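Owing to the predicted nature of the structure, the values given are computational and were not obtained by experimental measurement. Numbers restart at 1 for each chain; the letters A, B, ... are given by sequence-line order, proteins then strands.
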Amino acid sequence: MEQEAEVSGRRRSELPGRLVSRRFFEQSPETVAPQLLGKLLVSVEAGRILAGRIVEVEAYLGPHSDPPDPAAHSHRGPTPRNMVLFGPAGYAYVYSIYGLYYCMNISCEREGLAGCVLLRALEPVVGVAEMARNRGLDESAPVRMIASGPSRLCLALGLTRPGHNGLDVASAGSSLQVREDDFAAPEVVVTPRIGIKHAVDLPLRFAVRGHPCVSGPKKLERWASNPST
DNA sequence: CTGTGGATTTGCT
DNA sequence: GCAAATCCACAGG
């Protein structure tokens, strides 16, 4: 009898949902970003599964884009830090910020085109108690405190640049994957991006309308919405 | 080689 | 509302 393949100590069938195809990520970041809402980010390490539903993202455009996106890390071309963004689609770009935190993106498009999507908030789904513990939160803390914010998300899942930068999230053997279940396509709110100094008006932030785990000011809810396409 | 500042979070005023 | 915490990538000389 052939034994089912494992990922980091778990049978693959134990992971929630189904793996998202690489083809999905081989599109422009503006296209990929809203469609990531409702999908699952799944981490498997040492037999431990942590997963959250993606409820808030931002698109960052590569230097080839028109108009250009000066807020993107890839804006001035490839560097040792952002090299993953210039590789193929479906890979994790994890960078450190303010010397304290990490943020996670997924590369889009294809080799040479550095568009990406920043993951800004998750609704914890699997391993909620452990995610809370990773954040130093009490068991009684509200669930929305666990992974709402790009660096809180990384803390909750234990994502770091040394441990996770360059991982393939579209591979069944990867310890970090994007997966999808039968969750209904959510209603999407589109707003400007948060925390940047350039291209502040581009409507490239996408969030699940009204979801409690979305970060940022409530006033941004008032922007135009889209049924996802 | 050095200076600058950031896709953040938290805690205090 | 505001500033501190705390690192290093990278642009400029």
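Around CD of A/E139, the count of heavy atoms belonging to other residues, nucleotides or ligands within 6.0 Å does not exceed 12. Counted within 6.0 Å of CZ on A/R144, heavy atoms from surrounding residues, nucleotides or ligands total 12 or fewer; the atom is thus considered open. Other residues, nucleotides and ligands contribute more than 12 heavy atoms inside 6.0 Å of the CZ atom of A/R48. Counting heavy atoms of neighbouring residues, nucleotides and ligands inside a 6.0 Å radius, atom CZ of A/R110 does not exceed 12 of them.
On the nucleic acid side, DNA chain C has its first and last nucleotide under 4.0 Å of a heavy atom of chain A at C/dA5 to C/dA11, going 5' to 3'.
Rounded to a whole Å, the OH atom of A/Y102 is 15 Å from the C1' atom of B/dG6. As rounded to whole Å, 13 Å separates atom C1' of B/dT9 from atom CD1 of A/I194. The CZ-C1' distance, from A/F206 to B/dA7, rounds to 15 Å in whole Å. In this structure, the CZ atom of A/R76 is 11 Å from the P atom of B/dG6, given to the nearest Å. Taking atom OH on A/Y98 and atom C1' on B/dT8, their separation rounds to 6 Å, with Å as the unit. Taking atom CD1 of residue A/I146 and atom P of nucleotide B/dT10, one finds them 12 Å apart after rounding to whole Å. Put simply, NE2 on A/H75 is 16 Å from C1' on B/dG6, counting in whole angstrom units. Atom CZ of A/R205 is separated from atom P of B/dA7 by 16 Å (rounded to the nearest Å).
Under the Watson-Crick or G-U wobble criterion, with both distances below 3.5 Å, C/dT6 has no partner in any strand shown. Of the nucleotides present, none pairs with B/dA7 by Watson-Crick or G-U wobble criteria with both distances under 3.5 Å.
For the OP1/OP2 pair of B/dT10 and a distance below 4.0 Å, the side-chain nitrogens and oxygens of A/R135 include at least one atom meeting the criterion.
A/R193 comes within 4.0 angstrom of nothing in the nucleic acid, heavy atoms only. A/S96 comes within contact range of no nucleotide atom at all, as no heavy-atom separation falls under 4.0 Å.
Checked against the 6.0 Å centroid criterion, the rings of A/Y93 and A/Y95 qualify as a close aromatic pair.
If you find the closest nucleotide of DNA chain B to A/K197 and to A/L155, the one lying nearer the 5' end belongs to A/K197. Remark on DNA chain C: of its neighbouring residues A/Y101 and A/T79, the 5'-side contact belongs to A/Y101, judged by nearest-heavy-atom nucleotide.
The existence of a salt bridge linking A/E180 and A/K39 is confirmed by a sub-4.0 Å separation between a basic side-chain nitrogen and an acidic carboxylate oxygen. Using a 4.0 Å cut-off between charged side-chain N and carboxylate O, A/D138 and A/R133 make no salt bridge.
Nucleotides C/dT6 and B/dT2 place their P atoms 23 Å apart, quoted to the nearest Å.
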